Structure formats: structure tokens, C-alpha cells
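Structure, as C-alpha cells:
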Amino acid sequence: MASGGTEAFPDLGKHCQHHDCHQLDFLPFTCDACKQVFCVEHRSYKSHACPKPDHNSRKVVVCETCSMSIETTGQVGQEEEEALLKRHLKSGNCDPNKKKKPICPVKRCKEVLTFSNASTCKTCQVKVCLKHRFPADHACGRVASASISSSAAVNGGWNNRFLDALASRIKGQACTKSAERRSTSPPSTPSVKAY
């Protein structure tokens with residue numbers, strides 16, 4: 001029933017081999033597992049209930065000792081997985097020291113640090129992920145205390161002079177405002193202006 005096409009072009013397209021569909025499709029899909037032809041709606045393994053959907057799939061078994069992943073085919077059962085893990089343990093590639101991978105020390109960051117996504121802070125020498133590489137992002141202890149003390153030492157005299165000048169200006173404005181209030185109050189004796 002996979003033959004298709006039209007009367008004029010008998011080789012053009014194929015009929016879907018799904019038992020309820022049989023639609024003529026000009027761009028048919030051939031299932032790589034069961035080798036049947038399907039339309040776009042029934043091309044997935046699940047939609048046409050393929051008898052062997054995991055023929056080409058891969059599965060990963062993770063060693064609990066060293067966190068190494070071992071790739072297998074999807075058709076491997078539980079017994080075969082256990083045999084693979086035993087072979088891995090006996091092979092000498094299983095190293096428990098590899099299990100603990102460094103994680104970014106910033107609170108609530110779970111990024112695993114690798115050679116390509118890690119950065120060492122130049123001030124506090126802490127290794128962090130690229131997202132937290134700036135001192136403000138990882139709450140760099142030395143930067144905060146160093147910047148406060150250095151700014152106080154370098155700019156201390158300037159800051160104090162500025163604050164003194166600002167205070168005297170504010171006081172001066174307050175004095176002028178009170179003087180303006182006194183001068184704007186109605187005079188006790190009426191004055192006559194001559195032009």
C-alpha cells in the first residue's frame with residue numbers, strides 16, 4: 001500500500017502506511033527502525049507505534065564512584081548495565097578523586113567550574129564562574145574594605161573640606177533666608193516712595 005502518486009505521475013509520493021491514515025504524501029518519511037513509509041503526522045516512533053523505537057538510541061550509565069558517564073545502546077537491560085559498571089570499576093579508569101568537581105563559591109550558584117568557564121579574582125584570588133567574575137558580583141571581601149579605606153585615606157581631606165564648605169553654605173543660606181524673612185515682614189511704619 002506504500003505505492004502512490006497520481007495517474008500522470010505514478011512514482012510521485014507514497015501513501016502513509018499507518019493503519020488509519022493511508023494519506024498520499026508527496027514528501028513521505030521512512031522510519032529508520034521499521035522501514036515503513038509515513039506522512040508528517042505519523043513519522044515519529046510514538047505516533048505510529050513503532051515496534052522497535054529504541055534501535056538507534058543511546059543510553060548513559062553514570063558511575064556513582066567517579067561520576068564518569070558510560071554510553072551504551074538503548075537496548076541494554078539492568079543486568080548489562082551492572083556488568084558495564086563492574087567492568088568500569090575493574091578497568092582502572094574509575095578514580096574516586098574525580099567525583100568532586102569544583103563549584104562556584106557564590107551563594108546559590110551551582111555552576112561547575114571548568115577551565116573554560118572559571119575566572120580567578122585578581123584581588124581576593126577566589127576562583128568563581130564567569131557570571132560572578134566581577135568583584136561586586138561575588139562580594140569580594142578585600143575590594144569592599146580596601147576601597148573604603150583607600151578612599152578614606154586618599155580623599156579624606158578633600159571630603160572633609162567639601163562637607164565643611166557644604167555645611168557653611170547651608171548655614172549661610174539659612175541665615176540669608178531668615179534675613180529675607182525679616183526683611184519681607186511688613187514694616188511697622190509705612191514708607192512712601194517718591195519717583
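No experiment lies behind these values; they were computed from the predicted model shown. For the single chain, residues carry numbers from 1 onward in sequence order.
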>> The criterion is side-chain contact (heavy atoms from CB on, under 4.5 Å); which residues satisfy it with S91, sequence neighbours excluded?
In response: H88, N93

>> Which Ile, Leu, Val, Met, Phe, Trp or Tyr residues join V128 in one cluster when any pair of side-chain heavy atoms under 4.5 Å counts as a link?
In response: V106, V126

> Of the non-hydrogen atoms in L130 and S119, which two are nearest, and what is the gap between them?
Replying inline: CD2-CB, 4.1 Å

> Can you name the residues that form a side-chain contact (heavy atoms from CB on, under 4.5 Å) with K131, not counting sequence neighbours?
Replying inline: C129

>> Please check this pair: side chain of H138 against backbone of H132, looking for a donor-acceptor N/O pair closer than 3.5 Å.
In response: yes

> If you measure from CG on D25 to CD on Q17, what distance do you get to the nearest 0.5 Å?
Replying inline: 12.0 Å

>> To the nearest 0.5 Å, what is the distance between OG1 on T120 and NZ on K122?
In response: 10.5 Å

> How long is the gap from CG on L89 to CG on L84, to the nearest 0.5 Å?
Replying inline: 11.0 Å

> Less than 4.5 Å apart, any side-chain heavy atom of H48 and any of C34?
Replying inline: yes

> Between atom NZ of K110 and atom CZ of R108, what is the distance when rounded to the nearest 0.5 Å?
Replying inline: 9.5 Å

> In chain order, what residues pass the side-chain contact (heavy atoms from CB on, under 4.5 Å) check against A49, with sequence neighbours excluded?
Replying inline: none

>> Could you work out, with side-chain hydrogen bond (donor to acceptor under 3.5 Å, both in side chains) as the rule, every residue matching N117, not counting sequence neighbours?
In response: E111, T114

Please set out all donor-acceptor pairs under 3.5 angstrom arising from side-chain atoms of residues 37-44, sequence neighbours excluded.
{"unit_1": "S44", "atom_1": "OG", "unit_2": "S47", "atom_2": "N", "d": "3.2"}
{"unit_1": "S44", "atom_1": "OG", "unit_2": "S47", "atom_2": "OG", "d": "2.9"}

> Any donor-acceptor pair under 3.5 Å linking the side chain of H22 with the backbone of H15?
Replying inline: no

